[in-house]
Amino acid sequence: MLKSSLAGLLVAITALFTSAAATPVSSEKPVHVTLRYLGTAGWEITDGTLVILVDPYLSRIYGPQPPGRPPFARAPGDTRPLYGWNDIAVPDAAVTDSHISKADFVLVTHTHFDHVLDVPHIALKTRATVIGIESTENVMRAYSVPEEQLITVHGGEDYEFGTFSLKVIPSLHSPLDHKHYYSSSKTPEGLKAPLTLEQMHPEGGTLAYLIRFHGHQILAFGGMNYIEREIEGLEPDVVLVGAAGSRKEIYDYSGRLMRALHFPGLVIPTHWDNFTAPFAASQQTQIDTLQSFVQEIHAASPKTRVIVPQYFEPIPLETASK
Ligand SMILES: [Zn+2]
Ligand SMILES: [Zn+2]
């Protein structure tokens, strides 16, 4: 009995060494990249060490709607103040801090308060580098975010950061107000905090970001539009696609997008929720509406998986083969 156990052990040890010799052993553990939806157009993308945020907006103030839209109905039980454009909104630092403890980079797609309101607080707290257009960086300067934390981009840059690289992609804002929305204004230099919502809302231009991270290519949009020629030929495996109703103002929104990106493996809708309601409020109406987006993607790209994200639920990406 003992003899056969020993013999078995020997076989096992031999097999272990044989397979170790046959397969080069890498000292690097496979790295898992995880996404978390922060609501609105907000995302956390991390490998467990480096934390990249996109448009983190967790305050979800009961604020003014974009042009052409009636105010959202107040969520039941929501007694928070209603802010107008000329008001100074108080960010909800408690809720932001409860979900964001670390950030190395914050990528901002454009300077609207539902993308930028919480970024000064997050940048000052975490010392993250804030990447965005000039308008965004001028909001940071107003809140005394140190200059060395600011990287101003135009669109077109392709920057190397070591653990990841970042292609900054010129893009377009959602076609709000039945295509009548247009903004050529930007937040000027020299403002001093606190800023009104109006001062935090000169769009300044819109960007998308392609994040290359541990073999993944994650393409993040901050709204419901894109410039087809700027994304043509990119091959992201994950795309965060603006999915609110204004996408229907765009010709063949999902079809052109899927074809330009060569039918990505995973699409996750973003900027589809009612961002004036607190996290605890029901988003069932928005989730129901989202089904038409899911159908569009499936029709345009049948092999693409679509995940409807839950707030703060980790979405682990499969280890990239590339
Ligand atoms: Zn916007
Ligand atoms: Zn927005």
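Both ligands and their constituent atoms are indexed starting at 1 by order of listing. Position 1 is the first residue of the sequence, and the numbers go up from there. Keep in mind that this is a model prediction, so the values were computed, not measured.
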Check your understanding: Taking Q291 for the side chain and D288 for the main chain, is one N or O donor matched with an acceptor at less than 3.5 Å?
Key ->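 No, Q291 side chain to D288 backbone: no donor-acceptor pair under 3.5 Å.
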Exercise for review: Decide, counting backbone as well as side-chain atoms, whether H115 has an N, O or S atom less than 2.8 Å from the Zn ion (ligand 1).
Suggested key: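 Not a single backbone or side-chain N, O or S atom of H115 is under 2.8 Å from the Zn ion (ligand 1).
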Check your understanding: Is D114 close enough that one of its N/O/S atoms sits under 2.8 Å from the Zn ion (ligand 2)?
Key ->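 A backbone or side-chain N, O or S atom of D114 is under 2.8 Å from the Zn ion (ligand 2).
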Exercise for review: Confirm or rule out an N/O/S atom of H271, from backbone or side chain, lying less than 2.8 Å from the Zn ion (ligand 2).
Suggested key: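 An N, O or S atom of H271 is closer than 2.8 Å to the Zn ion (ligand 2), so yes.
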Practice item. Write the atom name of the N, O or S atom in H112 that is nearest the Zn ion (ligand 1). Key: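 Sorting the N, O and S atoms of H112 by distance to the Zn ion (ligand 1) puts ND1 first.
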**Study point:** Ion pair check, D118 and K125, cut-off under 4.0 Å
**Key:**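 A salt bridge is absent here (no side-chain N lies under 4.0 Å from a carboxylate O).
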Point to revise | Matching residue for R60 among D273, N274, D78 - test: side chain to side chain donor-acceptor pair (under 3.5 Å) | key: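 Running side chain to side chain donor-acceptor pair (under 3.5 Å) over D273, N274, D78 with R60 returns exactly one hit, D273.
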Review point. What is the ring orientation for Y57 with F275, classed by angle as parallel under 30°, tilted 30 to 60°, or perpendicular over 60°?
Key: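 Judged by the thresholds at 30° and 60°, the geometry between Y57 and F275 is perpendicular.
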